[in-house]
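Computed from heavy atoms alone, side chains included, the values below leave out hydrogens, waters and symmetry copies.
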Amino acid sequence: MLYQKVLVILDALPYILQGAGITLVIVIGALFLGLVMGLPLALIQVYGHPVLKRIIGLYVWFFRGVPILILMFLFYFGIFELLHLNLSAFATTALVLGMTSAAYQSQIFRGSIQSLPQGQLKAALALGMNRRQAIASIILPQTLRISIPAWSNEYSIILKDSALAYVVGAMDMFTRTHFVASRTYEHLTLFVFVGCIYLVITIFGLRLLARLEKKLRIPGYTS
């Protein structure tokens with residue numbers, strides 16, 4: 001009995017590991033999109049015009065309030081079709097996870113910006129920098145370094161949420177495992193196995209980010 005389960009895993013391993021690669025690409029793409037979008041959203045929330053702050057607040061409220069499962073259906077079968085965007089299930093998954101992550105990452109960066117002493121910005125302006133230069137040279141480098149611990153949590157959350165790619169048919173690790181389980185009827189064995197792979201990827205990514213945090217830690221900074 002155990003021998004048969006091991007054979008099922010070994011037979012499916014290459015197919016599932018290919019899906020693990022797709023899962024990683026989705027996670028990295030969503031994290032990067034969340035970073036690229038989340039940082040300016042945070043800056044606008046801290047330094048922007050009140051009207052823009054309200055618009056950003058609505059964006060954050062929407063993507064933090066609606067379940068990702070519903071967002072996947074909404075964008076894949078609704079908004080993208082209305083806009084005549086023929087995006088694949090893979091691209092849709094990365095985009096939806098990235099836009100959702102941007103809402104969360106913007107709050108991480110906003111908190112980091114607001115934790116910095118306000119005197120730093122005033123001192124930079126007093127030295128002759130304009131506001132944009134002061135933010136780019138003084139505020140942003142510190143914000144990115146301070147945000148790494150919270151950013152690590154976002155990595156593990158996106159990795160788990162990436163399994164929702166299944167609902168739109170993207171061939172990630174979870175979807176492939178489901179297909180194999182449906183064919184072999186070894187659901188428990190295969191899903192426990194793929195759960196272990198998710199754990200390994202999570203631990204590996206978190207250790208990398210912990211090393212990055214240690215390397216970039218600001219000497220003497222306490223939150």
Side-chain angles (χ1 to χ4, degrees), residues 17-46 56 59-72 74-76 80 87-113 115 136 139-168 170-176 194-195 197-218 223:
L17 288 182
Q18 285 179 0
I22 293 172
T23 294
L24 274 176
V25 173
I26 289 174
V27 172
I28 292 170
L31 264 179
F32 180 73
L33 179 61
L35 172 67
V36 170
M37 291 179 63
L39 204 51
L41 292 180
L43 289 172
I44 292 171
Q45 282 198 307
V46 177
I56 300 301
Y59 176 90
V60 172
W61 168 78
F62 177 76
F63 278 95
R64 291 176 74 187
V66 179
I68 295 179
L69 180 64
I70 294 174
L71 290 173
M72 297 280 275
L74 179 64
F75 278 88
Y76 190 64
F80 289 158
L87 295 180
S88 65
F90 167 82
T92 299
T93 304
L95 274 175
V96 172
L97 289 178
M99 288 188 292
T100 305
S101 180
Y104 286 97
Q105 289 192 44
S106 69
Q107 300 312 294
I108 293 172
F109 297 134
R110 183 175 64 86
S112 298
I113 293 170
S115 72
I139 303 299
L140 280 185
Q142 295 182 83
T143 299
L144 290 172
R145 294 163 78 177
I146 294 169
S147 300
I148 293 175
W151 212 65
S152 302
N153 291 331
E154 192 60 20
Y155 161 77
S156 57
I157 290 169
I158 291 178
L159 177 58
K160 287 186 288 185
D161 288 343
S162 69
L164 290 172
Y166 165 72
V167 299
V168 291
M171 294 301 289
D172 71 323
M173 184 164 57
F174 183 84
T175 305
R176 288 170 181 252
V194 81
I197 297 179
Y198 274 107
L199 276 177
V200 170
I201 296 174
T202 301
I203 292 170
F204 180 73
L206 290 179
R207 285 190 175 179
L208 279 180
L209 288 169
R211 285 189 181 184
L212 185 66
E213 177 195 350
K214 189 176 180 181
K215 189 174 182 180
L216 298 179
R217 183 173 296 160
I218 300 174
S223 58

CD1 (I148) and NZ (K214) are apart, to the nearest 0.5 Å, by 14.0 Å
For F62, the ring-ring contact (aromatic ring centres under 6.0 Å, His included) test, sequence neighbours excluded, returns none
| request: For I146 and S115, run side chain to side chain contact (heavy atoms under 4.5 Å, CB included): C-alpha distance rounded to whole Å, both residues' side-chain angles, the deciding distance at 0.1 Å, then the answer. | output: CA-CA 9 Å; I146 294 169; S115 72; 4.3 Å; yes
Exercise. Quick check: are there more than 12 heavy atoms from other residues, nucleotides or ligands sitting under 6.0 Å from OH of Y166?
Worked result: no
What one should report as the nearest heavy-atom pair of L216 and R145 is O-NE, 2.7 Å
Taken to the nearest 0.5 Å, the spacing of D172 CG from T93 OG1 works out to 7.5 Å
For S147, the side-chain hydrogen bond (donor to acceptor under 3.5 Å, both in side chains) test, sequence neighbours excluded, returns S112
Heavy atoms of P141 and A136 approach each other most closely as CD-O, 3.3 Å
Distance col, row L35:CG vs I108:CD1, nearest 0.5 angstrom, shows 10.5 Å
Across all chains, not counting sequence neighbours, the side-chain contact (heavy atoms from CB on, under 4.5 Å) partners of R64 are V60, A103, Y104, Q107
Determine yes or no for a side-chain-to-main-chain donor-acceptor pair under 3.5 angstrom, with T143 supplying the side chain and I139 the backbone. yes
Given side chains that start at C-beta, do those of F80 and L95 come closer than 4.5 Å, heavy atoms only? yes
Rounded to the nearest 0.5 angstrom, the CG-OG1 distance for L164 and T175 is 9.5 Å
The ring-ring contact (aromatic ring centres under 6.0 Å, His included) partners of Y76 (sequence neighbours excluded) come to none
CZ (R176) and CD1 (I22) are apart, to the nearest 0.5 Å, by 4.5 Å
Closest non-hydrogen atoms of A170 and A89, given as atom of the first, atom of the second and distance, are N-CB, 3.6 Å
Can you tell if the side chain of F90 reaches within under 4.5 Å of the side chain of M171, non-hydrogen atoms only?
-> no
For L159, the side-chain contact (heavy atoms from CB on, under 4.5 Å) test, sequence neighbours excluded, returns T23, V27, Y155, S162, Y198, I201, T202
Just so I know, are the side chains of L140 and L39 near enough to count as touching, which here means a heavy-atom distance under 4.5 Å?
yes
Do L24 and M173 make a side-chain contact, defined as non-hydrogen atoms from C-beta onward lying under 4.5 Å apart?
no
What verdict does the side chain to side chain contact (heavy atoms under 4.5 Å, CB included) test give for V46 and F109, after you've listed the backbone C-alpha separation in whole Å, the side-chain angles of each residue and the deciding distance to 0.1 Å? CA-CA 10 Å; V46 177; F109 297 134; over 6 Å; no
One should read off an interatomic distance between I68 CD1 and F63 CZ, to the nearest 0.5 angstrom, of 10.5 Å
side-chain contact (heavy atoms from CB on, under 4.5 Å) filter on V167, not counting sequence neighbours, yields L69, M72, F73
I28 meets the side-chain contact (heavy atoms from CB on, under 4.5 Å) criterion, sequence neighbours left out, with none
Closest non-hydrogen contact found for S101 with E154 is OG-OE2, 2.9 Å
Applying side-chain hydrogen bond (donor to acceptor under 3.5 Å, both in side chains) to S152 and not counting sequence neighbours gives none
